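What follows is a set of notes on a single structure, which appears directly below.
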Amino acid sequence: MYYLFNDLFFPPVTEADEEGVLAIGGDLSSERLQLAYKSGIFPWFNEGEPILWWAPDPRMVLFFDELVISKSMRNILNRRMFKVTYNKNFKEVISNCQQIKRDGQNGTWISNEMIDAYCKLNEEGIAKSVEVWQDETLVGGLYGIDLGKGNIFCGESMFSKVSNASKVAFIALALYLQKEKYKLLDCQVYNPHLESLGCREIDREEFMSILKSK
């Protein structure tokens, strides 16, 4: 376990423990967050606790040619039940991700400090959102870190207020990233919802190789 102070530094991801925790401490400055994502690292911690930096092995990702769109989802998309926008209301998306209740969780890991830090990244063009609307009401969305065309989009969190809204956001983002020649969509850690959409785990070494490739 590495302890971070003021220096802008991260240890190699191979130093992470079995759970994937690499370092503790530091801050959520734009410079440190950008260095983290470019290095295959992300923050994940509970409010009131020290910042934990993660580089899990394995890593959950989506390769775009493996995206799964079920027959029922294709029907929903074809019926145009939702409107999708990109990066139009970042703060409302991340705030909804903070507030939404999730099965098996008492609270959220998205603190007000996190919201401020990622909203600053959004102003700098680094953090971006996808919004899903129904009758002019925001009903779903997601946000993450955009490492640029030809690279990787690092998904952070998503929410849904009506059935299938977060899936619509995820599919819309995946199709957009594929069109723009991104390498993959980073989903960080396993969950069955992501697996149903075609995401799978790969070795951290493979993930880092893709991240660092030109």
Side-chain angles (χ1 to χ4, degrees), residues 1-4 8-29 31-64 66-68 94 97-98 100 102-111 113-115 117-118 121 126-128 142-148 151-159 166 169-170 173-174 177 182-213:
M1 175 77 71
Y2 282 77
Y3 288 86
L4 304 180
L8 203 58
F9 159 81
F10 284 104
V13 295
T14 52
E15 297 296 318
D17 65 18
E18 289 185 2
E19 292 186 344
V21 179
L22 177 65
I24 185 171
D27 54 51
L28 296 176
S29 67
E31 294 78 14
R32 190 180 297 276
L33 284 169
Q34 289 184 60
L35 176 61
Y37 285 99
K38 289 175 182 177
S39 304
I41 301 161
F42 59 88
W44 189 16
F45 62 101
N46 293 320
E47 189 166 13
E49 296 179 356
I51 302 171
L52 294 179
W53 300 91
W54 298 74
D57 187 13
R59 190 84 168 220
M60 193 77 165
V61 304
L62 175 71
F63 293 103
F64 303 119
E66 297 177 8
L67 176 66
V68 173
I94 193 172
C97 289
Q98 178 194 47
I100 206 79
R102 305 176 194 275
D103 293 340
Q105 296 183 15
N106 294 324
T108 178
W109 56 272
I110 304 174
S111 64
E113 181 186 13
M114 293 275 287
I115 289 179
Y118 283 79
L121 282 178
I126 307 298
K128 296 180 180 178
L142 59 80
Y143 74 95
I145 301 297
D146 186 356
L147 296 182
N151 207 324
I152 286 173
F153 188 97
C154 306
E156 273 296 319
S157 186
M158 54 187 177
F159 80 96
S166 62
F170 186 90
L173 175 63
L177 296 175
Y182 282 68
K183 297 173 187 173
L184 57 75
L185 174 52
D186 172 30
C187 303
Q188 300 181 344
V189 295
Y190 174 85
N191 79 49
H193 176 65
L194 293 174
E195 185 178 41
S196 72
L197 291 165
C199 302
R200 61 181 170 93
E201 293 180 315
I202 62 173
D203 290 341
R204 180 175 59 210
E205 183 178 359
E206 181 182 356
F207 174 78
M208 294 302 298
S209 177
I210 295 170
L211 176 64
K212 297 298 183 182
S213 65

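What you see is a predicted model; the values in this text were computed from it and never measured.
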Would you say the side chain of Pro56 lies within less than 4.5 Å of the side chain of Phe42, judging by non-hydrogen atoms? yes

So, Glu47 side chain and Ser111 main chain: donor-acceptor pair closer than 3.5 Å or not? no

Give a yes or no on whether the backbone of Trp44 and the side-chain of Trp54 come within a donor-acceptor separation of less than 3.5 Å. yes

Do Ile51 and Leu4 pass the side chain to side chain contact (heavy atoms under 4.5 Å, CB included) test, and can you show the C-alpha distance, the side-chain angles, and the key distance before you say yes or no? CA-CA 9 Å; Ile51 302 171; Leu4 304 180; over 6 Å; no

Atom pair CG (Leu185) and CZ (Phe170), whose distance is rounded to the nearest 0.5 Å: 4.5 Å

Hey, what do you get for CZ (Phe207) to NZ (Lys212), rounding to the nearest 0.5 Å? 9.5 Å

Interatomic spacing from CG in Leu121 to CD in Gln34 - rounded to 0.5 Å: 6.0 Å

To the nearest 0.5 Å, how far apart are OH in Tyr118 and CD1 in Ile126? 12.0 Å

Would Arg32 and Trp53 satisfy side chain to side chain contact (heavy atoms under 4.5 Å, CB included), going step by step from the backbone distance to the final call? CA-CA 11 Å; Arg32 190 180 297 276; Trp53 300 91; 3.7 Å; yes

Considering only heavy atoms from C-beta outward, does the side chain of Tyr143 approach that of Cys97 to under 4.5 Å? yes

For a quick test of reading the model, state the closest non-hydrogen atom pair linking Val68 to Gly198 and the distance between them. CG2-CA, 3.8 Å

Which atom of Phe64 lies closest to which atom of Tyr182, heavy atoms considered: CE1-O, 3.2 Å

Atom of Leu67, atom of Ala174 and distance for their closest heavy-atom approach: CD2-CB, 4.0 Å

With rounding to the nearest 0.5 Å, note down the distance linking CD1 in Ile100 to OG in Ser157. 9.5 Å

Partners passing salt bridge (charged side-chain N to carboxylate O under 4.0 Å, His left out) against Lys183 (at least two apart in sequence or in another chain): none

Salt bridge (Lys or Arg N to Asp or Glu O under 4.0 Å) pairs touching residues 185-207, sequence neighbours excluded, are Arg59-Asp186, Glu66-Arg200

Decide yes or no for Ile210 and Val61: does some side-chain heavy atom of the first lie under 4.5 Å from some side-chain heavy atom of the second? no

dist Glu156:CD -> Ile94:CD1 (nearest 0.5 Å) comes out at 8.0 Å

Quick check: do Asp146 and Asn151 have side-chain heavy atoms less than 4.5 Å from each other? no

Taking distance alone, no hydrogens or angles, what donor-acceptor pairs closer than 3.5 Å link side-chain atoms of residues 10-25 to residues at least two apart or in another chain?
unit_1, atom_1, unit_2, atom_2, d
Asp17, OD1, Glu19, N, 3.0
Asp17, OD1, Gly20, N, 3.0
Asp17, OD1, Val21, N, 2.9

Contact between Ser166 and Phe159 at the side-chain level, heavy atoms closer than 4.5 Å - yes or no? no

